[in-house]
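Have a look at the structure below, then the notes.
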Amino acid sequence: MDLVKELLNGSRLALARAITAVESEYDDAIDIMKAIYPKTGRARILGITGAPGAGKSTLTDKVVKQYLQQGKKIGIVAVDPTSPFSGGAILGDRIRMNDLTLNENVFIRSMGTRGSLGGLSKKTSDVVKLMDAFGMDLVIIETVGVGQSEVDIVKNADSTLVVLVPGLGDDIQAIKAGILEIGDVFAINKADRDGCDKLNVEIEMMLDLDSRELKWRPPIKRTIASKDVGVDELVEALDEHFEFLEDSEELAVRRKDRTRDEIIAMINEQIGRRVANVVVNSDEFTNQVNAVNQRENDPYTVVNKVLADVLKI
Ligand SMILES: Nc1nc2c(ncn2[C@@H]2O[C@H](COP(=O)(O)OP(=O)(O)OP(=O)(O)O)[C@@H](O)[C@H]2O)c(=O)[nH]1
Ligand SMILES: [Mg+2]
């Protein structure tokens with residue numbers, strides 16, 4: 001495929017078009033993904049999540065600048081599971097990373113739901129792979145919020161940075177929805193505000209409560225992203241975590257688990273699609289429903305039969 005060839009040769013236009021194909025579920029999307037797949041698995045993938053307005057984009061901007069100085073090429077996927085916007089329409093992200101958009105070693109893409117929350121994690125994962133195949137050294141997934149869908153999205157990353165802010169009252173911002181469990185590094189951003197010590201203690205306490213046997217104790221770093229304070233130390237902590245992942249073989253484990261989860265999710269999706277498109281629309285299915293309704297059959301028997309038929313293909 002020409003598009004794939006161009007993408008692999010470093011054409012940013014081809015990368016943009018491939019991302020659109022995946023995002024819009026064009027017919028050639030699967031062929032593109034198949035073709036680029038062998039070239040994936042090289043980039044380091046960093047997830048950044050936290051409450052709306054925590055300073056994720058400002059922090060991302062500063063972190064990226066550090067990696068650019070090291071000569072790295074960086075892809076950024078900004079995902080907003082609450083917004084229908086896509087293709088770069090999240091103005092705030094754009095504004096705060098404005099000068100990055102002009103840098104030829106950076107590629108930024110925003111993604112929204114377009115009504116399909118379920119598929120957003122999968123699409124994010126595909127976009128990350130496209131950037132990976134394109135030759136990015138680092139791909140950052142920035143996602144807004146602290147709910148389950150954000151957790152699912154950052155699970156596409158190798159390591160995850162959770163950004164918290166002091167003095168929000170509801171200090172347990174992160175503890176909900178398992179965000180704490182996915183945090184490999186914590187940033188207390190807006191450290192120019194009151195309440196850092198309190199939040200720090202709370203995070204430490206939650207980490208102490210974690211009953212899992214952790215080989216890595218997530219560090220907590222204070223930052224003032226808007227003033228570029230504390231970013232060096234944060235980047236150091238992120239690098240240390242990645243080194244830990246590599247040295248402990250945890251990286252291989254995480255990636256294998258991810259591959260497995262991805263395949264399972266794709267199988268489930270295909271089965272679901274087949275049921276929705278083929279089974280549900282068939283006369284036979286309508287007859288079966290009627291038979292159950294008349295108590296001539298029971299739903300359990302119907303489900304077994306449908307499943308047997310679907311799995312036969
Ligand atoms: N006082 C202070 N303000 C900050 C700091 N970091 C970011 N901000 C400001 O906080 C606001 C939100 O920053 P963003 O970087 O857009 O936050 P975000 O988490 O990406 O926001 P969403 O993507 O909308 O969830 C902006 O006005 C920033 O300038 C900080 O360390 N201290
Ligand atoms: Mg943002």
Side-chain angles (χ1 to χ4, degrees), residues 45-67 74-101 106-113 117 120-121 124 127-128 138-154 156-157 160-174 176-177 179-180 182-183 185-200 203 220-235 237-238:
I45 308 167
L46 170 66
I48 300 185
T49 191
K56 299 177 295 296
S57 298
T58 316
L59 206 50
T60 301
D61 179 73
K62 301 295 189 299
V63 166
V64 165
K65 282 179 178 143
Q66 296 250 344
Y67 285 114
I74 299 141
I76 303 170
V77 195
V79 191
D80 184 353
T82 62
S83 156
F85 298 127
S86 68
I90 304 177
L91 199 60
D93 287 305
R94 280 264 135 138
I95 287 170
R96 268 178 278 286
M97 295 187 242
N98 220 0
D99 45 341
L100 288 185
T101 59
V106 178
F107 193 97
I108 306 179
R109 184 69 173 228
S110 297
M111 304 210 339
T113 56
L117 193 63
L120 194 56
S121 173
T124 304
V127 172
V128 167
L138 173 69
V139 180
I140 296 180
I141 306 170
E142 180 198 324
T143 172
V144 185
V146 285
Q148 188 55 49
S149 45
E150 295 78 18
V151 171
D152 288 345
I153 289 163
V154 291
N156 291 305
T160 299
L161 167 67
V162 173
V163 184
L164 302 174
V165 186
L168 279 194
D170 178 15
D171 275 346
I172 311 302
Q173 312 153 64
K176 295 180 203 153
I179 275 279
L180 205 86
I182 59 164
V185 176
F186 289 87
I188 299 184
N189 189 43
K190 307 202 183 180
D192 48 331
R193 292 189 182 171
D194 291 341
C196 286
D197 291 343
K198 184 166 173 274
L199 180 56
N200 206 318
I203 303 167
I220 305 167
K221 300 290 171 189
R222 298 187 189 193
T223 55
I224 306 173
S226 49
K227 293 196 179 131
D228 206 352
V229 173
V231 179
D232 292 7
E233 291 83 352
L234 179 65
V235 166
L238 294 171

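We count ligands from 1, going down the list as the structure has it; atoms in each ligand are counted the same way.
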With heavy-atom distances below 4.5 Å as the criterion, would you say the side chains of V231 and I224 are in contact?
no
Decide yes or no for L46 and V139: does some side-chain heavy atom of the first lie under 4.5 Å from some side-chain heavy atom of the second?
no
With atoms numbered from 1 as shown, which atoms in ligand 1 lie under 4.0 angstrom from a non-hydrogen atom of D192?
1 (N), 2 (C), 30 (C), 31 (O), 32 (N)
Do T49 and I141 have side chains that get closer than 4.5 Å, going by heavy atoms?
no
Do T124 and N156 pair up side chain to side chain, a donor and an acceptor below 3.5 Å, judged on atom types alone?
no
Element-labelled atoms of ligand 1 that are located less than 4.0 Å from some non-hydrogen atom of I224:
30 (C), 31 (O), 32 (N)
Using modelled atom types and a 3.5 Å cut-off, is there a donor and acceptor pairing between side-chain atoms of K56 and backbone atoms of A51?
yes
Closer than 4.0 Å to some heavy atom of P52 - which atoms of ligand 1 meet that?
25 (O)
Polar proximity ligand 1 side, R193 side, N/O cut 3.5 Å exclusive:
no
Under 3.5 Å between some N or O of ligand 1 and some N or O of A191?
no
Considering only heavy atoms from C-beta outward, does the side chain of V229 approach that of T223 to under 4.5 Å?
no
Using a cut-off of strictly less than 2.8 Å, determine whether T60 has an N/O/S atom near the Mg ion (ligand 2).
no
Could you check whether any heavy atom of K227 sits closer than 4.0 Å to an atom of ligand 1, since that is the contact criterion I want to use?
no
Considering distance alone, does some N or O of A225 sit under 3.5 Å from an N or O of ligand 1?
yes
The atom name of the N, O or S atom in E142 nearest to the Mg ion (ligand 2) is OE2
Atoms of ligand 1 under 4.0 Å from any heavy atom of T58, numbered from 1 in the order shown, are 7 (C), 13 (O), 14 (P), 15 (O), 28 (C)
Using a 3.5 Å cut-off on N or O atoms only, is L59 in polar contact with ligand 1?
no
Just jot down the ligand 1 atoms closer than 4.0 angstrom to any heavy atom of E142, in number order.
20 (O), 23 (O)
Counting N and O atoms only, with roles assigned by atom type, does the side chain of N189 sit under 3.5 Å from a partner on the main chain of A54, one being a donor and the other an acceptor?
yes
Does R222 come within less than 4.0 Å of D192, counting only side-chain N to carboxylate O?
no
